[in-house]
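We count ligands from 1, going down the list as the structure has it; atoms in each ligand are counted the same way. Worth knowing before you read on, the calculation uses all heavy atoms, side chains too, and leaves out hydrogens, waters and symmetry mates.
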Amino acid sequence: MDIRDDRGHPVGSYICAGKDTGRVVGGYTPCQMEGCRGVRIFVRWPDGSLTKPCSRGLTFNFDKNMWYIIGG
Ligand SMILES: [Zn+2]
């Protein structure tokens with residue numbers, strides 16, 4: 001998969017939130033927040049839940065190919 005967000009980050013990897021690591025499941029949609037140019041990344045968590053955090057609320061670590069939730 002080679003979907004990228006508006007800052008060129010690949011949207012086909014993993015996301016870390018504290019001790020949990022979710023898997024980016026590919027689908028994404030432009031963020032609906034007014035003035036935000038991020039994308040909503042669809043994430044499947046170990047407990048089976050699906051969330052759609054905005055890429056602008058995340059940081060991307062290129063070394064680990066993984067998103068991190070800011071402040072999380
Ligand atoms: Zn947003």
**Message:** Please enumerate all residues that pass salt bridge (charged side-chain N to carboxylate O under 4.0 Å, His left out) together with Arg56, with sequence neighbours excluded.
**Reply:** Asp6
**Prompt:** What pairs with Met33 under side chain to side chain contact (heavy atoms under 4.5 Å, CB included), at least two apart in sequence or on another chain?
**Reply:** Cys31, Cys36, Arg40
**Message:** When you compare the side chain of Leu58 with that of Ile41, does any pair of heavy atoms fall below 4.5 Å?
**Reply:** yes
N/O donor to acceptor pairs below 3.5 angstrom from side-chain atoms of residues 45-54, sequence neighbours left out:
from, atom 1, to, atom 2, distance (Å)
Trp45, NE1, Thr51, OG1, 2.8
Asp47, OD1, Ser49, N, 2.9
Asp47, OD1, Ser49, OG, 2.8

**Prompt:** With no hydrogens and no angle check, is any side-chain donor or acceptor of Gln32 less than 3.5 Å from a backbone partner on Pro30?
**Reply:** yes
**Request:** Begin from the C-alpha positions of Phe60 and Ser55 and carry the test side-chain contact (heavy atoms from CB on, under 4.5 Å) through to its verdict.
**Result:** CA-CA 9 Å; Phe60 191 80; Ser55 64; over 6 Å; no
**For the Zn ion (ligand 1), every protein N/O/S atom that sits closer than 2.8 Å, waters excluded** = Cys31 SG, Cys36 SG, Cys54 SG
